[in-house]
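Structure, as structure tokens:
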Amino acid sequence: MYLFNTLGRRRVPFDPREPGKVAMYVCGPTVQAAPHLGHGRAAVVFDVVARYLRWRGYEVTYVRNVTDVDDKIIATALAEGVSTDEVVARSYAAFSEAFARLRVEPPTVEPWATHHIPEMIELIERLVETGHAYAAGGDVYFSVRSFADYGKLSGRDLDELLSGARIAPGDHKRDPLDFALWKAAKEGEPSWPSPWGPGRPGWHIECSAMARRYLGDGFDIHGGGQDLVFPHHENEIAQAEAATGKPFARYWLHNGMVNLGGEKMAKSTGHVVDLLGALDRWDPLAVRLFYLRTHYRKPIEFTEEALADAEASLRRLWAFRRRVDAVEATPDREVLDRFIAAMDDDFDVAGALAVVFEAVREGNRRLDAGEDVGGIAAAYDEVVGVLGLAEEVAAVTIPDTLAARFGTEATVDALVARREEARRARDWATADAIRDALAEVGIVVEDTPHGARWHRR
RNA sequence: GGCGACGUGGCCGAGUGGUUAGGCAAGGGUCUGCAAAACCCUGUACCCGGGUUCGAUUCCCGGCGUCGCCUCCA
């Protein structure tokens, strides 16, 4: 299995810290506002990474944090005249709902920043003790120049960074490159006691502290959006490695951005497509497929056509599976092997999807020929399950009035049977009327040589 | 300006030194009461200019273009 490691910018063999086990940490959302399409991508991408690794037999510990203390949360609360807790609760609920609808499995651990202040303080203390950090005016800063490896992830050169660096008013930095580990409390802000006085953690320290808390040093995979490479992940490495002298994370994976009109979606500029809104408008799994059909490291452009396209592709997949009843066969080995070959190559989901579509075509062909498709259908269930794209078969209820019109019970099966009866009698008018009536309540009926089949929408 | 990624057929999107990716859309056909689904057939694409090579979309150099990071950001 090969991964593209941002650290080193190369495709390298994946070799976990402990055989058979994978420890991974992914930067989760700052619960400040409603999620947009970009947040969904990161969640789905790493969901598939975790699902796939588990499917391949690894015992995966997946940690995805929640950042619940931050400048913008405070600003939003202030602007709306509500508590920060309220802003956090509202945003967290929206993220959770969106992720669930995208069929993102919950991580093994979902640590909240504010529940890990002691771990952060401890890490900061170690940095101060070892001379990598200094307190100034109630703040504590990381001394970037004290960490020789600074820039190794993002490929930055300290002297070139200088031009962009700045010291904001009120900072007590000794060097413009330094960044805050701890910020002294200001009036009306949430704060916690610390050796440097009341305050709150800087953004970067939480991830270093929580990743170490749950996964230890030298854990396997650290993921996040490409926009976090610098400075966030660079800083995480600096803090953790300066404090411990040990490697922090071994493989760094970064997902590409979701663009809108050629430009990255960004919360700060309001240049976004609301995620929950999109999930209302399109099938959530079509949104999931929209994310998945492009390699995770590439940017994707949001367009309505792209979503419609994904929906059509999904329907093709699902239509095949509906043609097959219960599957108890052994999954087709070739399909599985080709799927694995694609996924093992830095999670080439697009390539893996091609395998699925080819299997579907072969399956349909065999069904048309009256041949057995058990192995293919079983393989389909395996791989589509790993990708989280299987159709959800929900219970269907229809109004009694509809059934009454055609003199039958209020079940889809009863109406379909009634229609079959009409068809046998060559009563096309009744047959079509039933089909139309079912269509109005979202049921599609299709005739096959072996009788009618129906499905939702 | 610095660092990095990318540029594939109507659209989306993998991949490869020389044999069909795949999806969507389109046209033709088979099947079918109609419809839907499905299957078959149809498109020889890889930014531009050099170079390496028997041969490059695939490697190297240059150019053009797009995007990301360099400030909060999935």
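Throughout, a chain's letter reflects where its sequence line sits, starting with A, and its residues are numbered from 1. Values reported hereafter were calculated over all heavy atoms of this structure, with side chains retained and with hydrogens, waters and symmetry mates removed.
Salt bridge present: A/Asp447 and A/Arg419 bring a charged side-chain N and a carboxylate O closer than 4.0 Å.
With ring centers used as reference points, A/Tyr92 lies under 6.0 Å from A/Trp112.
B/rG13 atom C1' lies 11 Å from atom CG of A/Leu289, rounded to whole Å. Distance A/Asn259 CG to B/rG68 C1': 8 Å, rounded to the nearest Å. One atom, CG of A/Leu314, and another, P of B/rG23, lie 14 Å apart when rounded to the nearest Å. Put simply, CE on A/Met343 is 17 Å from C1' on B/rA21, counting in whole angstrom units. The nearest whole Å value for the distance from the CG atom in A/Asp227 to the C1' atom in B/rC69 is 9 Å. Look at CZ on A/Arg423: it is 7 Å from P on B/rG33, rounded to the nearest Å.
Taking only distance into account, the side chain of A/Lys72 meets the base of B/rC72 through a donor-acceptor pair shorter than 3.5 Å. Counting distance only, with no hydrogens placed and no angle test, the side-chain atoms of A/Asp432 and the base atoms of B/rG33 include a donor-acceptor pair under 3.5 Å. Scanning atom types as modelled, one donor and one acceptor separated by under 3.5 angstrom connect the side chain of A/Asp447 and the base of B/rC34. Side-chain atoms of A/Arg323 stay outside donor-acceptor range of the base of B/rA38, with no qualifying N/O pair under 3.5 Å.
Counting non-hydrogen atoms under 4.0 angstrom, A/Glu358 reaches the backbone sugars and phosphates but no base. Nucleic acid contact for A/Thr448: none, since no nucleic acid atom lies under 4.0 Å from a heavy atom of the residue. The residue A/Thr303 sits apart from the nucleic acid: no heavy atom pair falls under 4.0 Å. Among the heavy atoms of the strands lying under 4.0 Å from A/Arg361 are primed sugar atoms or P, OP1, OP2 only; no base atom is included. Across all strands, A/Asp348 comes closer than 4.0 Å only to sugar-phosphate atoms, never to a base (heavy-atom distances).
Taking the six-membered ring where tryptophan is involved, the planes of A/His204 and A/His232 are tilted, since the angle between them lies from 30° to 60°.
Toward the 5′ end of RNA chain B lies the nearest nucleotide of A/Arg419, the other residue of the pair A/Arg419 and A/Gly224 mapping further downstream. Checking A/Arg315 against A/Arg156, the closest nucleotide of RNA chain B that is more toward the 5' end is the one next to A/Arg315.
Pairing for B/rU66 goes to B/rA5, judged as Watson-Crick or G-U wobble with the two contacts each under 3.5 Å.
Exactly one residue among A/Arg316, A/Arg321, A/Arg322 makes a salt bridge (charged side-chain N to carboxylate O under 4.0 Å, His left out) with A/Glu391. That residue is A/Arg322.
A/Phe230 carries A/Arg156 over the face of its six-membered ring, with the cationic atom under 6.0 Å from the centre and within 45° of the normal.
We find that the ring of A/Trp428 and the base of B/rG33 stack, their centres lying under 5.5 angstrom apart and their planes tilted less than 30°.
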